[in-house]
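Let me begin by presenting the structure, written as structure tokens, before commenting on it.
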There are 2 protein chains.
Amino acid sequence: MSAGGVGGRPEPEQSLTMRDVAERLGVSPMTVSRALRGQGGIGDETRRRVLAEVEALGYRPNRLARGLRSGGPTELVGLVVTNLANPFYSQLAVGVEEICVRSGARVMLGSTGEDPAAEREVVADLVERGVDGLVVVPSGHDHAHLAPDRLRGTPVVLAAGPPVGVDVDCVLVDDFGGSRDACRRLLARGHRRIGFLGLPPSLWTGSERFRGYALALEEAGIPVAERYVSRHRGDTALAEEAALGMLALPDPPTALLAANNRNTVGALRALRRRSPGEPPVALAGFDDIELADLLNVPLTVVSYDPAELGRAAATLLFERRDAPAALQPRRVTVPTTLVDHPTPR
Amino acid sequence: MSAGGVGGRPEPEQSLTMRDVAERLGVSPMTVSRALRGQGGIGDETRRRVLAEVEALGYRPNRLARGLRSGGPTELVGLVVTNLANPFYSQLAVGVEEICVRSGARVMLGSTGEDPAAEREVVADLVERGVDGLVVVPSGHDHAHLAPDRLRGTPVVLAAGPPVGVDVDCVLVDDFGGSRDACRRLLARGHRRIGFLGLPPSLWTGSERFRGYALALEEAGIPVAERYVSRHRGDTALAEEAALGMLALPDPPTALLAANNRNTVGALRALRRRSPGEPPVALAGFDDIELADLLNVPLTVVSYDPAELGRAAATLLFERRDAPAALQPRRVTVPTTLVDHPTPR
DNA sequence: CTGTTAGCGCCTTCAG
DNA sequence: CTGAAGGCGCTAACAG
């Protein structure tokens, strides 16, 4: 008798059940159940006695069993993202959690690594685990497998991309408007040759941000020139290379517009390799950068709050879960703002 | 028909049960159960038929019900952090999830905002929801409430801080060694007056990083001077102010050691406010900074992998969960490396 | 106001 | 190899 601690402790209480509490009090489990849920149908005095005993014993109900019988909501939301290490997604998660906690729900996490097959598995697993709904940052280009019909009716909200092949709610960033505004600002400052460091056209975000760029140019009567446009996977090395290529043209751009954080960083690296004599190149980009004020480069960014995207998604989800009648699919767009980080000093 | 879809679809299948599948096949639910779990005790031909029907119907078992009866593991891990928006914690989460997924487990999230009361609630909620174990980044200074005894026996692993008042496993960063090594490097470069921008002594991490600084100085026969030491909550503004204060001393430090990312950023802001004529100040700090190469300041950082911390934590957790006999509480320390970001160009 | 009966969906146990 | 009985912990639905 020893190891583990068979000391004189008051029983580590493997796992109390409602009946244990009830027996100690000489009442039926139902009484305990009612006291715990505080829904009435029980005398004040009895309730007090029960709650005192519950407190004393440290009893906590088993939510899994509760949910099984009542069939009610599990107060569980599945959040499926590509990669939590990306601050965009971790902030999105913060927003989702914030709203969930307010209604007593918890978040269950799933990462896909941008693999549509992994997404399917993760989603299926979350549904098996009884989530009330899913917030999904989609990986593939078709979302038919996210139809609630195929998921026990579990509601789904897409984040950062519109649904394709399925009618569900979604929350989006104003990619188009943000990009357009950034480009307009560069134009307002007199730039006429503006390079675009973009994302693949197959991505919604990539396509929208390009569209904003193109529209702003068009408004200014400037044609989009192939040689000023690069569209690749967001990767700082590729972005740097693309920027250097453009800047080496006989008529190089006088400004660059980067379609996301990775492209902005690549552009910054390219710019810092220029010699002091060369003409300056203006830079604008999507996504804010924390240390912008420490870089010796003026930078204009399209800023927005990823947490707000998460809050909006979770809100739509709860509304839909609790809607007796089905609502029309809704689409919420989170606005962007243009922020100038002027050259310091 | 139209709206909503009252068309001729094959029933959206509210929620199939094992019996539905069984009835369609004219077998008992047990047969379906056995086929699904693939544990044998069933004929090959029967299993095939069952699985085919399951596939056809798109039936998925209800894991909550499964766990209720079998009492086995839920394959659910609770992760409790202070704030997911902090990249340290989101990377930790990535590490935890990575290990969990390998054993078919999922992560349930809880944020505390560094509030010990919130931590208690979150932990209790996760336990009620039947997690197999918890990875907790502790908020308070005493962890007695995290004793598995009080949590239905749910195992706990502490991350980024050692247990106080309770015997559980933990994973730590080598705060002491990393800080010591950084300080040693500054000393090796000839610095004798080294300022320390630190965290509150009440934090484990704060105290350990200070200890490393103090030890390195002691080794070099240099006393720790009050006026070169600042210890406050990690906040860039406070750090900047503290750094400016030190640099304004009659005998200012020639180097600064920042105890975390926030302090490093504050120090960088302080340094950039100096005029070109003033003597340069060296800077070293805990935590790497992505754009270090774009700052025009040489920077030495103590780098480590937060995801590794998460992987280690989850691994300890599963080992303990599956250990038939209780193991001794273990402590894993993740190493740090010193990285130089030389002045570019 | 309180207790009893039954059963959520699945699995353990024991027959056949 | 398959099925029937029973119950995990809790709560609807009905009695009293």
Side-chain angles (χ1 to χ4, degrees), chain A residues 13-51 53-54 57-76 127-132 152-154, chain B residues 13-51 53-54 57-76 127-132 152-154:
Chain A
E13 310 300 6
Q14 243 286 47
S15 200
L16 248 25
T17 102
M18 232 156 170
R19 210 171 48 198
D20 298 322
V21 182
E23 277 172 3
R24 257 166 249 251
L25 254 47
V27 299
S28 87
M30 261 324 287
T31 302
V32 179
S33 173
R34 288 198 256 252
L36 244 27
R37 280 175 300 162
Q39 296 219 15
I42 185 177
D44 268 12
E45 178 46 27
T46 319
R47 163 187 283 107
R48 246 189 300 283
R49 270 183 52 217
V50 172
L51 292 183
E53 187 68 11
V54 162
L57 262 48
Y59 165 77
R60 312 238 72 184
N62 180 333
R63 292 191 69 144
L64 283 68
R66 179 180 302 199
L68 183 59
R69 173 66 239 221
S70 72
T74 54
E75 304 294 354
L76 218 50
V127 170
E128 280 177 41
R129 288 175 185 275
V131 295
D132 289 338
R152 284 194 200 174
T154 310
Chain B
E13 309 301 6
Q14 241 287 48
S15 200
L16 249 27
T17 106
M18 232 154 166
R19 210 171 50 197
D20 297 323
V21 183
E23 276 170 5
R24 256 165 249 251
L25 253 47
V27 300
S28 86
M30 265 321 295
T31 303
V32 180
S33 174
R34 289 198 255 254
L36 245 26
R37 280 174 299 161
Q39 295 219 15
I42 185 178
D44 269 14
E45 179 46 26
T46 317
R47 161 187 283 101
R48 246 188 302 280
R49 270 184 52 219
V50 172
L51 292 182
E53 187 68 11
V54 162
L57 261 48
Y59 165 77
R60 313 236 70 184
N62 179 335
R63 293 192 66 147
L64 283 68
R66 167 133 69 193
L68 184 59
R69 173 67 239 219
S70 71
T74 54
E75 304 294 353
L76 218 48
V127 170
E128 281 177 41
R129 288 174 186 275
V131 296
D132 289 338
R152 280 194 200 173
T154 310

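Reminder, nothing fancy here: chain letters follow the sequence lines and each chain counts from 1.
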Would you mind reading off the distance between [X] atom [atom1] and [N] atom [atom2], rounded to a whole angstrom?
X	N	atom1	atom2	answer
B/Glu128	D/dG9	CD	P	15 Å
A/Asn62	C/dG9	CG	P	17 Å
A/Arg48	C/dC1	CZ	C1'	15 Å
A/Ile42	D/dT11	CD1	P	12 Å
A/Leu16	D/dC10	CG	C1'	14 Å
B/Arg60	C/dG9	CZ	P	17 Å
B/Arg47	D/dT2	CZ	C1'	13 Å
B/Gln39	C/dC10	CD	C1'	14 Å

Validation row: [X], [Y] side chains within 4.5 angstrom (heavy atoms):
X	Y	value
B/Arg49	B/Thr31	no
A/Met18	A/Met30	no
B/Leu36	B/Leu51	yes

Tell me whether the OP1 or OP2 atom of [N] has a side-chain N or O from [X] closer than 4.0 Å.
X	N	answer
A/Arg37	D/dA12	yes
B/Arg49	D/dT2	no
B/Thr17	C/dC8	no
B/Ser33	C/dC11	yes
A/Tyr59	D/dG9	no

Shortest side-chain distance from [X], nucleotide among [options]:
X	options	value
A/Met30	D/dG9, C/dG3, C/dC10	C/dG3
B/Ser70	C/dC11, D/dT2, D/dT11	C/dC11
A/Arg34	D/dC8, C/dC10, D/dA13	D/dA13
B/Ser28	D/dG3, C/dG3, D/dC8	D/dG3
B/Met18	D/dG9, C/dC10, D/dT11	C/dC10
A/Thr46	D/dA13, C/dC1, C/dT12	C/dC1
A/Thr31	C/dT2, D/dG3, C/dG9	C/dT2

Exercise: do B/Arg66 and B/Ser70 side chains pair donor with acceptor under 3.5 Å
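B/Arg66 vs B/Ser70: no donor-acceptor pair found between side chains.
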
Look at all strands and tell whether A/Gly71 reaches a base, only sugar-phosphate, or nothing, counting heavy atoms closer than 4.0 Å.
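Nothing: the residue A/Gly71, judged by heavy atoms under 4.0 Å, touches no strand.
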
Between A/Pro29 and A/Asp44, which is nearer to the 5' end of DNA chain C once each is assigned its nearest nucleotide?
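Nearer the 5' end of the strand: A/Asp44.
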
Backbone of B/Arg152 reached by a side-chain donor or acceptor of A/Arg60 within 3.5 Å
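No, the answer is negative, given that no donor and acceptor are paired below the 3.5 Å cut-off.
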
B/Thr154 side chain vs B/Asp132 backbone, donor-acceptor pair below 3.5 Å
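No, the answer is negative, given that no donor and acceptor are paired below the 3.5 Å cut-off.
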
Side-chain donor/acceptor of A/Arg69 to base of C/dG7, under 3.5 Å
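Per atom types, the contact qualifies.
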
